[in-house]
Amino acid sequence: MGVKIYNSLSRQLEEFSPQIEGQVSMYSCGPTVYDYIHIGNARTALVTDIIRRYLEYRGYAVKLVQNLTDIDDKIITRAQTLGVSSSQLADTNGQAYFEDTQRLGIQPADVHPKATEHIPEMIDLIKTLIAKNAAYVIEGSVYYRVNSFKEYGKLSRRKPEDLLAGARVEVDPRKEDPRDFDMWKAAKPGEPFWDSPWGPGRPGWHIECSSMAMKHLGETIDIHAGGEDLLFPHHENEIAQSELATGKPFARYWVHVAFLKIDGKRMGKSEQNFIFLREALDKYSAEIIRHFLISAHYRHPLDYSLESLQKSESALKRLNNCVDSLQKYYEATPEIEENNSTASVDTSHEDSELLEMIKTLQIQFTDAMDNDFNTAKAIGTIFSFVSHVNKSLRSSNEVSSYTLANAYKVLLETCQVLGIYTMDEQDKDTENTAASLDPLVELLLEIRQDAREQKDWDTSDKIRDRLKEIDIEIQDTREGTSWKFVS
RNA sequence: GGUGGCGUAGCCAAGUGGUAAGGCCGGAGUCUGCAAAACUCCUAUUCGUCGGUUCGAUUCCGACCGCCACCUCCA
């Protein structure tokens with residue numbers, strides 16, 4: 001059994017098989033950089049990131065390309081309002097995009113092409129389409145002749161008559177057909193422009209993805225991902241342009257990510273109901289936000305709320321406690337890295353039970369993710385495993401360190417595919433601080449312990465309370481008292 | 001108007017033609033001088049409503065109700 005992907009083109013779950021065995025070409029529609037991205041945008045970026053991580057986990061070599069739309073009407077308008085140039089605005093927000101996504105733990109794509117750096121490629125593609133009689137020029141703008149592509153509508157399942165009937169858009173009377181769309185827009189006075197055979201202008205939105213995807217990944221790509229709002233017209237138009245030009249399928253698997261909602265409504269920039277990703281990241285860790293964003297399957301809408309984020313925070317705490325308590329066994333068992341087999345050691349009864357659970361986690365996690373990247377189910381398998389580990393840990397004298405170290409290793413691997421357990425820089429800082437404070441706190445704990453032995457509860461509680469005030473929480477356990485930072 | 005989707009416990013959310021994963025909250029315990037933290041256990045005879053197909057449906061079909069999205073820039 002292998003990976004299965006729901007293909008929006010066929011509207012079916014399909015067995016995934018890339019063109020070249022073991023290699024995957026993937027294109028993801030990136031942001032238009034006229035502002036910071038919001039959490040809804042982040043959902044799509046994150047799903048793309050996780051699909052890539054999982055395919056790599058499954059042994060594929062993935063080449064991911066994600067574009068940056070750095071010229072379009074919104075950028076021009078916003079730049080004018082702010083009194084900066086379009087390219088300055090795009091640069092600033094492009095930078096911000098990388099900052100924000102990296103804070104969320106999203107790994108950069110292999111290539112992040114920008115529209116403005118691919119003007120010649122787009123012009124070439126437009127020329128090809130004109131030569132094939134699939135495009136026409138009107139007053140310096142070039143339009144795609146939808147009628148020339150007989151399969152137009154195959155992705156969105158829209159019939160021409162439906163499109164005409166439902167057209168709410170003001171139709172440009174110069175167009176041959178209301179459905180025709182621009183590939184090259186003649187520049188109006190004061191607008192940024194590039195020279196072209198049809199005069200100064202700028203590329204239309206859809207043409208950039210066609211050109212850049214084909215340039216960096218070839219004429220047929222394996223996976224094309226994006227938000228569900230892009231299905232029509234954006235992706236439909238990409239198909240029309242690319243396939244008419246090459247005569248080949250443009251993308252083999254189309255993946256569309258459902259919306260993030262807020263108060264039951266779609267989060268969108270035009271709706272003015274969005275929350276910037278960076279704002280969310282100031283309040284919650286990347287792991288919490290990731291956990292929340294993948295707590296539902298990517299094809300189902302997900303409602304954003306503070307409450308949901310808090311649920312993710314609590315859930316993640318449980319996971320972290322478990323991983324943390326396993327970590328010491330792992331660190332004490334360096335040979336675990338060399339031995340991949342979980343079955344090659346002599347095992348007690350308790351061991352074999354946990355070993356069985358480790359195998360179950362691997363199988364169930366893979367099953368869940370194989371099934372159209374079902375992250376919600378995958379998280380479920382991880383938490384089931386956490387319960388089993390906790391039970392084993394309770395009777396830890398029965399289970400060997402080796403097996404517990406193995407549990408740690410496998411648990412961490414699965415968590416890292418989802419990116420819900422990552423030691424980030426901040427944690428490392430905290431750890432350093434903790435190391436330097438340790439002798440001091442230990443001294444206080446020693447004094448407290450003396451007080452406790454003399455049943456001097458006032459002193460011992462005072463130490464506990466005052467430490468708590470400076471975010472140091474102490475825990476009395478059978479093995480003694482430990483401490484940690486809390487926020 | 002056209003097209004697509006959704007409706008599962010207090011909340012979030014998987015899932016299957018054969019009798020409901022997981023998380024949060026809540027309750028009960030273990031531990032503790034008391035706490036806190038942590039851990040354990042418990043918590044839907046029921047899957048929007050009404051019909052139909054079936055030995056059997058939450059899962060398939062139909063109708064209805066409610067919600068959402070796309071058809072215009074939007075991830």
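The sequence lines fix the lettering, A, B, ..., with proteins before strands; numbering per chain opens at 1. Note that the coordinates shown come from a computational prediction; the quantities given were computed from them, not determined experimentally.
Here the nucleotide nearest the side chain of Pro233(A), chosen from C73(B), A37(B), G23(B), is C73(B). Of all nucleotides listed (A75(B), G23(B), G33(B)), A75(B) comes nearest to the side chain of Phe259(A). The side chain of Glu473(A) sits closest to A36(B) out of G33(B), A13(B), A36(B). Closest contact between the side chain of Arg394(A) and the listed nucleotides C70(B), G23(B), G29(B) involves G29(B). For Ala376(A), the listed nucleotide lying nearest its side chain is A14(B); candidates were C73(B), A14(B), C24(B). Nearest to the side chain of Ala315(A), among G23(B), G33(B), C73(B), sits G23(B). Each of A69(B), A13(B), A75(B) was ranked by its minimum atom distance to the side chain of Thr32(A); first place goes to A75(B). Relative to the side chain of Arg452(A), the nucleotides U32(B), G4(B), C70(B) differ in distance, and U32(B) lies closest. Considering only the side chain of Lys377(A), G15(B) comes nearest among G15(B), A36(B), U32(B). Here the side chain of Arg158(A) is nearest to one of C71(B), A38(B), A75(B), namely C71(B).
G51(B) and C65(B) have their C1' atoms separated by 14 Å, given to the nearest Å. Spacing between U58(B) and U19(B) at atom C1', rounded to whole Å, works out to 10 Å. One P atom belongs to A13(B), the other to C34(B), and the distance between them is 41 Å to the nearest Å. Between A20(B) and C42(B), the two P atoms lie 15 Å apart (nearest whole Å). On the C1' atoms, U59(B) is 25 Å away from U3(B), given to the nearest whole Å. The same atom, C1', is picked in A14(B) and in C50(B); the two are 27 Å apart, to the nearest Å. Taking atom P on both U53(B) and U40(B), the two are 48 Å apart, rounded to the nearest angstrom. Rounded to whole Å, the C1' atom of C61(B) lies 12 Å from the corresponding atom of U54(B).
Across all strands shown, U45(B) remains unpaired; no Watson-Crick or G-U wobble contact has both distances below 3.5 Å. Across all strands shown, A37(B) has no partner, as no Watson-Crick or G-U wobble contact with both distances under 3.5 Å is found. Base pairing annotation: C25(B) forms no Watson-Crick or G-U wobble pair, as no partner gives both donor-acceptor distances under 3.5 Å. Pairing of G7(B), defined by two Watson-Crick or G-U wobble distances under 3.5 Å, is identified with C65(B). Remark: C60(B) base-pairs with G52(B); criterion is Watson-Crick or G-U wobble with both hydrogen-bond distances under 3.5 Å. Under the Watson-Crick or G-U wobble criterion, with both distances below 3.5 Å, C70(B) is paired with G2(B).
For the pair Asp370(A) and Tyr54(A), the minimum side-chain heavy-atom distance is below 4.5 Å.
Of all heavy-atom pairs between Thr44(A) and Gly226(A), the closest is CG2-C, 3.8 Å.
With values rounded to the nearest 0.5 angstrom, Ile447(A) atom CD1 is found 12.0 Å from Asp456(A) atom CG. Taking CD1 of Ile71(A) as the start and CD of Glu208(A) as the end, the distance is 10.5 Å to the nearest 0.5 Å.
The closest side-chain donor-acceptor pair between Tyr97(A) and Gln66(A) falls under 3.5 angstrom. Side-chain contact, Ser8(A) with His256(A): a donor N or O sits under 3.5 Å from an acceptor N or O. A donor-acceptor contact closer than 3.5 angstrom is absent between the side chains of Ser392(A) and Glu353(A).
Taking 3.5 Å as the limit, the base of G33(B) and the side chain of Asp461(A) contain a donor-acceptor pair of atoms between them. No N or O donor and acceptor, one from the side chain of Asp476(A) and one from the base of A37(B), sit under 3.5 Å apart. For Arg318(A) against A38(B), no side-chain N or O and base N or O form a donor-acceptor pair under 3.5 Å. Between the side chain of Arg179(A) and the base of C71(B), no donor-acceptor pair of N or O atoms lies under 3.5 Å.
Within residues 262-274 of chain A, the residues that have a heavy atom under 4.0 Å from RNA chain B are, in order of number, Gly264(A), Lys265(A), Arg266(A), Met267(A), Ser270(A).
The distance between atom CG of Asn320(A) and atom C1' of G23(B), rounded to the nearest whole Å, is 14 Å. In this structure, Leu302(A) atom CG and G7(B) atom P are separated by 14 Å, rounded to whole Å.
For the pair Leu230(A) and Glu307(A), both in contact range of RNA chain B, the more 5′-proximal nearest nucleotide belongs to Glu307(A). Of the residues near RNA chain B, Lys484(A) and Ala42(A), the one whose nearest nucleotide (by heavy atom distance) lies more toward the 5' end is Lys484(A).
Nucleic acid contact for Ser387(A): sugar-phosphate only, since backbone atoms but no base atoms lie under 4.0 Å from a heavy atom of the residue. Heavy atoms of Ala258(A) sit under 4.0 angstrom from at least one base atom. Note on Gly40(A): a base of the nucleic acid sits closer than 4.0 angstrom, heavy atoms only. Within 4.0 Å of Leu260(A), counting heavy atoms only, lies at least one base atom of the nucleic acid. If you check every strand for non-hydrogen atoms under 4.0 Å, His256(A) touches nothing. Arg78(A) comes within contact range of no nucleotide atom at all, as no heavy-atom separation falls under 4.0 Å.
Taking the ring centre of Tyr36(A) as origin, the terminal cationic atom of Arg278(A) falls inside the region bounded by 6.0 Å and 45° from the ring axis.
In this structure, Asn390(A) does not reach the A38(B) phosphate: none of its side-chain N or O atoms is under 4.0 Å from OP1 or OP2. One finds no side-chain N or O of Asn321(A) lying less than 4.0 angstrom from the OP1 or OP2 phosphate oxygen of A37(B). Put simply, Lys391(A) has a side-chain N or O that comes within less than 4.0 Å of OP1 or OP2 on C41(B).
In this pair, Tyr152(A) and Phe149(A) present their aromatic rings perpendicular. The plane angle is above 60°, beyond the 30 to 60° band.
Between Asp49(A) and Arg53(A) there is a salt bridge, since at least one side-chain N of the basic residue sits less than 4.0 Å from a carboxylate O of the acidic one.
Between His112(A) and Phe98(A), the distance from one ring center to the other falls under 6.0 angstrom.
Where stacking is scored as ring centres under 5.5 Å apart with planes under 30°, Trp457(A) registers as stacked on the base of G33(B).
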